[in-house]
Structure formats: structure tokens, C-alpha cells
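Structure first, commentary second.
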Amino acid sequence: MKIEELLNHLKVAARDTDADPWTEDHLFAYFQRFRPDGRGVETALSILPNAQSYIARLLPVFQATRHPAWENDMYFVVREPLPMTERQAVEAGKQFLANLISLFDDSDGGECLDYFKTVMDVTVVGNSINKARHSDEHALVYDSIGDLLGDGSDYEDSVHLLYEAWYSIACDADLAHYLQWPCYESTYSVDVFEPYFRLWERGYSYAFEGDKLLLSRG
């Protein structure tokens with residue numbers, strides 16, 4: 001699909017009546033135009049192949065971030081997360097780790113796969129994990145996922161042309177990968193980022209540090 005065709009469709013779906021054509025700059029924060037409830041995203045995404053699969057993933061993002069203060073948030077923020085016990089969070093974290101191992105197993109994952117096999121513990125911590133998110137291990141995972149999925153992407157495909165819109169929902173690459181996942185389903189054996197989405201909508205973030213996968217809420 002040509003980018004001009006996609007941009008014109010998205011402009012119409014967003015009910016922008018300005019005479020000037022859209023550029024790729026308009027993709028940033030595109031889905032914010034449909035807040036708070038996502039009304040209209042079905043039309044916006046109807047141009048994608050297998051559109052209903054993407055719509056089914058995106059609408060819960062609106063539901064998870066709907067809040068009286070949403071207009072004050074540039075990005076989609078989970079202000080009132082659904083309940084999740086510590087045990088449930090750990091189980092989701094373990095499933096996410098297992099899925100990442102499967103992802104790199106399917107792709108001869110090299111250094112990152114070797115690292116995952118050293119991770120011995122998934123634990124919820126009460127303190128901030130921002131420092132851990134700057135660890136060498138977390139950087140390795142982040143960069144390796146981006147390289148792996150990037151290398152397998154067709155950048156002329158309409159789903160990937162929308163990457164800036166997916167990413168700018170929360171400036172979260174993992175969430176963007178989850179929302180785009182239907183285009184990878186024929187390549188990989190598991191829905192890799194589904195456990196991550198369960199953590200995200202319940203207010204959790206994660207970090208790899210040393211031999212641990214750390215989870216934190218807030």
C-alpha cells in the first residue's frame with residue numbers, strides 16, 4: 001500500500017477536513033484522536049488486512065486508560081488499573097519470559113536467548129525499577145527484540161507503516177508489538193506480548209537486571 005493512500009484514509013477517518021494532505025508526521029498520537037472510548041477506530045483500521053484482529057487488541061487500550069483526567073495525558077496512561085494479585089503478576093511475567101525464549105528460539109536468537117536462559121527469578125518489587133531499566137541486560141533485551149522484529153518486517157505493509165501511531169500510544173515498544181502482532185502470527189508460534197499486555201493494563205512495568213525479571217506497579 002502506498003503511504004499516501006493510507007494517510008488519506010486515516011485523515012478521513014479522523015474527520016479532519018483541512019484542505020492540506022497529511023504527512024507521516026500526522027501518525028504521531030493518531031489514536032489519541034479517538035479518545036476516550038475509541039469510537040471511530042474501526043473505520044480507521046478497516047483499511048488493514050484482517051482488520052478485526054487489530055481492532056480487538058486496540059479497543060481494550062481505550063478501556064484500560066479511560067479516566068476523568070484522560071484529557072490531561074498526552075499518552076494513554078493506566079490510572080485505575082484492574083486488580084491483579086502478586087501471584088498473578090509473577091505468573092504473567094513467567095509466561096512473558098517463556099514467550100520471549102520461544103520467540104528467539106524460533107529465530108536462532110544468539111546472545112539474547114543465551115541471556116534469557118540465565119534468568120532464574122521473576123519477582124514483584126515495591127520500589128521503582130527505573131534504574132534497572134537502564135541495565136545492560138535490559139538494553140540487550142530491548143535492542144534484540146527491536147532488531148529481530150524489525151528485520152522481519154515489510155515496511156511497505158500498511159500495519160508497519162502505522163508503527164509511529166502504535167508506538168506513540170504510550171511510547172512503549174512492547175505495547176506496539178502486541179498491537180501489531182496479528183501480522184507476525186504466521187511466523188511465530190506464540191502470541192509473545194499477550195502476557196505483557198495483561199501486566200500493562202494492570203499498571204505493571206518490567207525490567208531485566210542480572211538474573212532477574214523485575215515487575216513493579218506504579
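Nothing here was measured: the structure is a model prediction, and the numbers come from that model.
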Side-chain donor-acceptor contacts of residues 17-29 below 3.5 Å, not counting sequence neighbours, with atom names and distances?
{"from": "Asp18", "atom 1": "OD1", "to": "Asp20", "atom 2": "N", "distance (Å)": "2.8"}
{"from": "Trp22", "atom 1": "NE1", "to": "Asp16", "atom 2": "OD2", "distance (Å)": "2.8"}
{"from": "Thr23", "atom 1": "OG1", "to": "Asp25", "atom 2": "N", "distance (Å)": "3.2"}
{"from": "His26", "atom 1": "ND1", "to": "Thr23", "atom 2": "N", "distance (Å)": "3.1"}
{"from": "His26", "atom 1": "ND1", "to": "Thr23", "atom 2": "O", "distance (Å)": "3.4"}

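Not a single ring pair (Phe, Tyr, Trp, His ring centres under 6.0 Å) links His9 to another residue, sequence neighbours left out. Every residue meeting the side chain to side chain contact (heavy atoms under 4.5 Å, CB included) condition with Ala173, not counting sequence neighbours, appears here in chain and number order: Tyr142, Tyr163, Tyr167, His177. Every residue two or more places apart in sequence or in another chain that forms a ring pair (Phe, Tyr, Trp, His ring centres under 6.0 Å) with Phe197 is listed here: Tyr178, Trp200. Scored by the ring pair (Phe, Tyr, Trp, His ring centres under 6.0 Å) test, Phe104 finds Phe116 as partners (sequence neighbours excluded). Partners of Arg35 by salt bridge (charged side-chain N to carboxylate O under 4.0 Å, His left out), not counting sequence neighbours: none found. With sequence neighbours left out, the ring pair (Phe, Tyr, Trp, His ring centres under 6.0 Å) criterion links Tyr54 to no other residue.
Screening residues 109-121 for salt bridge (charged side-chain N to carboxylate O under 4.0 Å, His left out), with sequence neighbours left out, gives no hits. Applying the salt bridge (charged side-chain N to carboxylate O under 4.0 Å, His left out) test to residues at least two apart or on different chains, the pairs with a partner in residues 198-210 are Glu194-Arg198. Contacts classified as salt bridge (charged side-chain N to carboxylate O under 4.0 Å, His left out) and involving residues 47-58 (residues at least two apart or in different chains) are given here: Arg57-Glu185, Arg57-Asp191. Residue pairs that meet the salt bridge (charged side-chain N to carboxylate O under 4.0 Å, His left out) test with at least one member in residues 65-84, sequence neighbours left out, are Asp73-Arg79.
No donor-acceptor contact under 3.5 angstrom links the side chains of Tyr75 and Asp172, judged on distance only. Between Asn127 and Ser216, the side chains place no donor N or O within less than 3.5 Å of an acceptor N or O (distance only, hydrogens not considered).
Taking Ile, Leu, Val, Met, Phe, Trp and Tyr as hydrophobic and joining them when side-chain heavy atoms fall under 4.5 Å apart, one finds Val12 isolated, its cluster having no other members.
Heavy atoms of other residues, nucleotides or ligands lying less than 6.0 angstrom from NE2 of His134 number 12 at most.
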